[in-house]
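Comments concern the structure below.
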Number of protein chains: 2
Amino acid sequence: MPGPRWRGNFKERGHRMTGPRDAILDVVNKKQGHLTADDIFFEVRKSYPGIGIATIYRTLDLFVRMGLVNKFDFGGGKSRYEFTSKEKHHHHLVCKNCGRVVDYDSFLDEETELIKKIEAELNRKHDFKIDSHQLDFYGLCKSCQREVK
Amino acid sequence: MPGPRWRGNFKERGHRMTGPRDAILDVVNKKQGHLTADDIFFEVRKSYPGIGIATIYRTLDLFVRMGLVNKFDFGGGKSRYEFTSKEKHHHHLVCKNCGRVVDYDSFLDEETELIKKIEAELNRKHDFKIDSHQLDFYGLCKSCQREVK
DNA sequence: TCCTTTATTGATAGTGATTCTCATTATTAT
DNA sequence: ATAATAATGAGAATCACTATCAATAAAGGA
Ligand SMILES: [Mn+2]
Ligand SMILES: [Mn+2]
Ligand SMILES: [Zn+2]
Ligand SMILES: [Zn+2]
């Protein structure tokens, strides 16, 4: 029997399923979160010691193109990767001091409705073909609120 | 009579108004858009030839802290700076292919209302003190829609 | 205006994340 | 198994941005 559907359709898309790709996919699947390339590098080395950092970047880029992983940039100079779960669409809350990232999914129905309207309007007015959006909130997390006066 | 209010209150905040700062402020004010540090560097050199790139970065950082300029990261590896106009709050539409950035301000009332609700909820639920948000749409601009099939 | 204090600047070296190059290796189809 | 070639790892190269530091120039007072 074939692997789970979420493992992607490599063959069908002309890609080979290799050891490094399998190991990286495992890591982003198990370690939920908003991982940096380095986080993933160090974790993958446990199960695939010889892997190189270039392979991490190349593979993450491939996964993003395949829709298996989402890439984010919350500032701070490092890209962050998150497994594209089958779960709820969500957005992010970023602490400007410590970089902590929290998922949230409040008011999704209202948001979805508004987003849909905006997308239609932007499509019409600016002739843009929109395929994604990102709504982030920035501020200070609980512990950073005291530290930073 | 003192300079326009938008030039900021340097003295009051303990900063000196200098030639480089004046030249940079002029550029970000006149050349509206979403400029990179390099865009600004090359433009400022016309009126202030001896300026160094480090001063561009330092000054933009100061302007951001003073609220005169907003700093964005739309991906692509370069920060983008936009003069904080007194005009409407707006968000961005980014072409994933050519990097073009378009301002939009549709459905602002509805958006503001929703954002306010979300902020209150996030504040309550996650104990975050939110001070800004960013809503970006990503897609393909008109001309890039054909190029990239 | 001249002087003193010290914030600011420019040149340049340094940093850190990401990408590129290329010889070697591993997959896939036959 | 073999051939064709996609993928990998090591390390060099990029590139945006930051840190360092001696020289310069605002600001305020005499
Ligand atoms: Mn998330
Ligand atoms: Mn804008
Ligand atoms: Zn924090
Ligand atoms: Zn475009």
Side-chain angles (χ1 to χ4, degrees), chain A residues 2-3 7-27 34-66 68-69 71-81 99, chain B residues 2-3 7-27 34-66 68-69 71-81 99:
Chain A
R7 284 198 160 267
N9 41 334
F10 287 82
K11 227 166 268 179
E12 295 91 281
R13 298 188 49 157
H15 301 298
R16 297 176 180 178
M17 177 41 86
T18 67
R21 287 176 181 173
D22 195 58
I24 294 169
L25 198 46
D26 265 353
V27 165
H34 309 88
L35 308 168
T36 64
D38 242 45
D39 292 337
I40 296 167
F41 181 46
F42 283 113
E43 194 63 26
V44 171
R45 279 210 280 192
K46 294 177 187 169
S47 61
Y48 200 99
I51 198 160
I53 186 69
T55 300
I56 300 289
Y57 280 106
R58 275 188 299 238
T59 303
L60 287 171
D61 186 62
L62 174 67
F63 288 176
V64 168
R65 278 181 280 125
M66 292 177 72
L68 290 171
V69 162
K71 179 179 183 179
F72 293 101
D73 194 339
F74 300 124
K78 302 179 190 178
S79 293
R80 299 199 166 254
Y81 301 87
Chain B
R7 286 203 158 261
N9 42 333
F10 287 82
K11 228 166 270 178
E12 297 91 282
R13 298 188 48 158
H15 301 298
R16 297 177 180 176
M17 176 42 86
T18 67
R21 288 176 179 173
D22 194 58
I24 294 169
L25 197 48
D26 265 352
V27 166
H34 309 89
L35 307 168
T36 64
D38 243 43
D39 291 338
I40 296 167
F41 182 46
F42 282 114
E43 193 63 27
V44 171
R45 280 210 281 191
K46 294 177 187 169
S47 62
Y48 200 99
I51 199 159
I53 186 67
T55 300
I56 301 288
Y57 281 106
R58 276 187 300 238
T59 304
L60 287 172
D61 186 61
L62 174 67
F63 288 177
V64 168
R65 277 181 281 125
M66 293 179 70
L68 290 171
V69 161
K71 179 179 183 178
F72 294 101
D73 193 339
F74 300 125
K78 302 179 189 177
S79 293
R80 297 195 168 258
Y81 301 86

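In what follows, chains are A, B, ... by sequence order, proteins preceding strands, each numbered from 1.
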* Does NZ or CZ of B:R45 fall inside the cone over B:Y48's six-membered ring, less than 6.0 Å from its centre and within 45° of the axis? ->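 Checked: cation-pi criterion not met.
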Could you tell me how far apart [X] ([atom1]) and [N] ([atom2]) are, to the nearest whole angstrom?
| X | N | atom1 | atom2 | result |
| --- | --- | --- | --- | --- |
| B:F10 | D:dA26 | CZ | C1' | 13 Å |
| B:D39 | D:dA16 | CG | C1' | 13 Å |
| A:I24 | D:dG9 | CD1 | C1' | 12 Å |
| A:H15 | D:dT5 | NE2 | C1' | 14 Å |
| A:K11 | D:dA7 | NZ | P | 13 Å |
| B:D38 | D:dA16 | CG | P | 6 Å |
| A:E12 | D:dA6 | CD | P | 18 Å |

* Structure fact -> Across all chains, not counting sequence neighbours, the side chain to side chain contact (heavy atoms under 4.5 Å, CB included) partners of A:T36 are A:D38, A:D39, A:K78, A:R80
* Could I get the full list of side chain to side chain contact (heavy atoms under 4.5 Å, CB included) partners for B:T59, not counting sequence neighbours? => B:R21, B:I24, B:T55, B:F63
* Asked: When we call it a touch if two heavy atoms are under 4.0 Å apart, what does B:S79 touch: a base, just sugar-phosphate, or nothing?
  -> sugar-phosphate
* Asked: Between B:P20 and B:Y81, which has a closest nucleotide on DNA chain D that is more 5'?
  ->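 Counting from the 5' end, the first nearest nucleotide belongs to B:Y81.
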* To do: Give the C-alpha distance, both sets of side-chain angles, the deciding distance and a yes or no for side-chain contact (heavy atoms from CB on, under 4.5 Å) between A:M66 and A:R13.
  => CA-CA 9 Å; A:M66 292 177 72; A:R13 298 188 49 157; 4.1 Å; yes
* Asked: If you look only at pairs with a residue in residues 49-58 of chain B, which of them pass as a salt bridge (charged side-chain N to carboxylate O under 4.0 Å, His left out), with sequence neighbours excluded?
  ->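 Counting only pairs at least two positions apart or across chains, no salt bridge (charged side-chain N to carboxylate O under 4.0 Å, His left out) contact touches residues 49-58 of chain B.
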* **Nearest-0.5 Å distance that lies between atom OH in B:Y81 and atom CG in B:L35** =>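 Atom-to-atom, B:Y81:OH and B:L35:CG are 11.0 Å apart.
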* With sequence neighbours left out, what residues match B:F42 under ring-ring contact (aromatic ring centres under 6.0 Å, His included)? ->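 Scan of B:F42 (ring-ring contact (aromatic ring centres under 6.0 Å, His included), adjacent residues dropped) gives none.
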* **Partner set under ring-ring contact (aromatic ring centres under 6.0 Å, His included) for B:F72, not counting sequence neighbours** => B:F74, B:H92
* Asked: So does A:T18 get a side-chain nitrogen or oxygen closer than 4.0 Å to the phosphate oxygens (OP1/OP2) of D:dT8?
  -> yes
* **Earlier contact from the 5' end, DNA chain C, for B:G14 and A:K71** =>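 Residue closer to the 5' terminus by nearest nucleotide: B:G14.
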* How far does the helix from C:dT1-D:dA30 to C:dT30-D:dA1 bend, going by the axes of its first and last five pairs, to the nearest 10°? -> 40°
* **For B:R65, all residues meeting salt bridge (Lys or Arg N to Asp or Glu O under 4.0 Å), sequence neighbours excluded** => B:D61
* Evaluation steps, side-chain contact (heavy atoms from CB on, under 4.5 Å), between A:D22 and A:M17 -> CA-CA 7 Å; A:D22 195 58; A:M17 177 41 86; 4.2 Å; yes
* Covered region of DNA chain C, 5' end to 3' end, by chain A [heavy atoms, under 4.0 Å] ->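 Nucleotide range in contact with chain A: C:dA17 to C:dT28.
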* For residues 45-61 of chain B, which residues have at least one heavy atom under 4.0 Å from DNA chain D? -> B:A54, B:Y57, B:R58
* Go through B:F10 and B:L62 one step at a time and tell me if the side-chain contact (heavy atoms from CB on, under 4.5 Å) criterion holds. => CA-CA 10 Å; B:F10 287 82; B:L62 174 67; 4.1 Å; yes
